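Quick notes on the structure that follows.
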Amino acid sequence: MKRLDVVVPVFNEEACLPALIARLDNVRASLVGRYDLHVIFVNDGSTDRSEELLHTACDERPHVATIHFSRNFGHQIAVTAGLDHTSADVVAILDADLQDPPELIPAMLDRVEEGFDVVYGKRRSRRGESPFKLLTAKAFYVLIGVVTRVDIPTDTGDFWLVTRRVCVALQQMPERHRFIRGMVPWVGFRASPFLYDRDARFAGETKYPLRKMFHFALEAIFSFSRVPLVVSSVLGIGMMLFAAFGTAAIAYLHFVAGEQVPGVTLAILTSVMLGGMQLLMLGITAEYIGRIFEEVKRRPLYIVSHVENVDGRPHQA
Ligand code: UDP
Ligand code: MG
């Protein structure tokens with residue numbers, strides 16, 4: 001029988017965990033004979049009762065494992081840890097808040113058996129999201145589409161099924177700044193969208209407030225695109241042409257037409273504008289340098305405090 005590991009990042013999800021575990025039990029039962037379903041929870045430094053609930057779940061079920069982090073490392077890192085600890089034939093990634101129904105996994109497995117290496121959940125609709133969240137999500141995908149060359153599918157979350165070889169490829173990508181939705185398409189192989197209706201969060205609050213969403217969008221842009229760097233050169237060239245033209249015009253007015261050109265206003269305006277632009281471009285460059293700095297430190301992506309029911313050693317990129 002083939003093995004299916006379901007990776008679930010968990011950050012303060014005490015309200016969702018009991019229902020999630022029960023529903024995953026049902027999915028496991030429905031797959032008997034086809035796939036041996038195991039669950040790998042990654043407890044991303046939860047401060048509520050999640051740790052306790054996961055401990056009980058691991059005690060009662062040999063097919064449930066948990067990796068406990070020493071602190072909160074973030075959603076993408078938590079998913080990464082799960083992927084590092086699996087050697088299953090197929091790996092599913094699922095949020096803990098039941099927005100992505102685990103019952104869809106068997107149907108998604110059918111796609112894998114048809115020969116797809118990546119099956120990604122694509123939201124036909126999203127329930128229980130504010131218009132603001134919908135709008136920002138849309139804007140996010142438009143922006144990503146414009147600035148990146150990797151084809152990142154729109155309206156996807158982090159609800160994926162990938163085969164072993166995709167998982168191995170992801171394990172070989174050691175970058176600190178991780179945007180998994182972009183990394184999976186980068187790996188390649190045949191991918192198939194799986195349309196579904198996204199439920200509202202089962203309980204609790206979103207762990208992605210606006211601040212984190214903004215950060216996430218920046219992560220996506222700077223990790224997957226060099227367009228901001230190109231923008232700076234294009235603007236720079238534009239400004240140079242503009243300045244050259246302006247100088248020529250002033251020279252003409254002064255020497256040929258013999259006019260008095262009031263220079264002060266113009267000079268102040270130009271210096272302010274140039275100063276602003278230089279700061280902006282420095283900022284953009286600094287983003288990349290900051291990232292290089294983070295990468296060259298070569299710190300581990302996460303620190304594990306302890307594991308439960310985890311067999312084998314993790315892959316270390
Ligand atoms: N999560 C995590 N670490 C974090 C934030 C979130 O592991 O720092 C988990 C969270 O428990 C959930 C998933 O990532 O399983 C997605 O988070 P959430 O549902 O809050 O995001 P949203 O669906 O609102 O974008
Ligand atoms: Mg959610």
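What you are looking at is a predicted structure, and each value in this text was computed from that prediction instead of being measured. All ligand and atom numbering here is 1-based and tracks the order in the structure.
On a distance-only criterion, Ala78 and ligand 1 share no N/O pair closer than 3.5 Å.
Protein N/O/S atoms found under 2.8 Å from the Mg ion (ligand 2): Asp97 OD2, Gln99 OE1.
Of all the heavy atoms of Val10, the ones lying under 4.0 Å from any atom of ligand 1 belong exclusively to the backbone. At a heavy-atom distance under 4.0 Å, atoms from both the backbone and the side chain of Asp95 approach ligand 1.
Short contacts between ligand 1 and Asn72, defined as distances under 4.0 Å to a heavy atom of the residue, involve ligand atoms 3 (N), 4 (C), 8 (O).
Taking 4.5 Å as the limit, every side-chain heavy atom of Ile67 sits out of range of all side-chain heavy atoms of Phe41.
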Quick one, Thr80 with Arg178, criterion side-chain hydrogen bond (donor to acceptor under 3.5 Å, both in side chains). Give me CA distance, side-chain angles, the key distance, then yes/no.
CA-CA 9 Å; Thr80 303; Arg178 303 180 84 81; 2.9 Å; yes

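Note on Leu83 and Met173: same hydrophobic cluster, where clusters join Ile, Leu, Val, Met, Phe, Trp and Tyr whose side-chain heavy atoms are under 4.5 Å apart, directly or indirectly.
Partners of Asp110 by salt bridge (charged side-chain N to carboxylate O under 4.0 Å, His left out), not counting sequence neighbours, listed by chain and number: Arg34.
Using the six-membered ring where Trp is involved, His68 and His306 have ring planes that are parallel, under 30° apart on the 30 and 60° scheme.
Interatomic distance, CZ of Phe159 versus CD1 of Ile93, reported as 10.5 Å (0.5 Å rounding). A distance of 8.5 Å separates CE in Met108 from CG in Asp100, rounded to the nearest 0.5 Å.
Considering each of Gly82, Pro9, Ser46, Ser50, the one bringing a non-hydrogen atom nearest atom 7 (O) of ligand 1 is Pro9. Closest heavy-atom approach to atom 12 (C) of ligand 1 among the candidates Glu13, His75, Gln99: Glu13.
Cation-pi geometry between Arg190 and Phe116 is met: the NZ or CZ atom falls under 6.0 Å from the ring centre, inside 45° of the normal.
Centroid-to-centroid, the aromatic rings of Phe69 and Tyr302 come within less than 6.0 Å.
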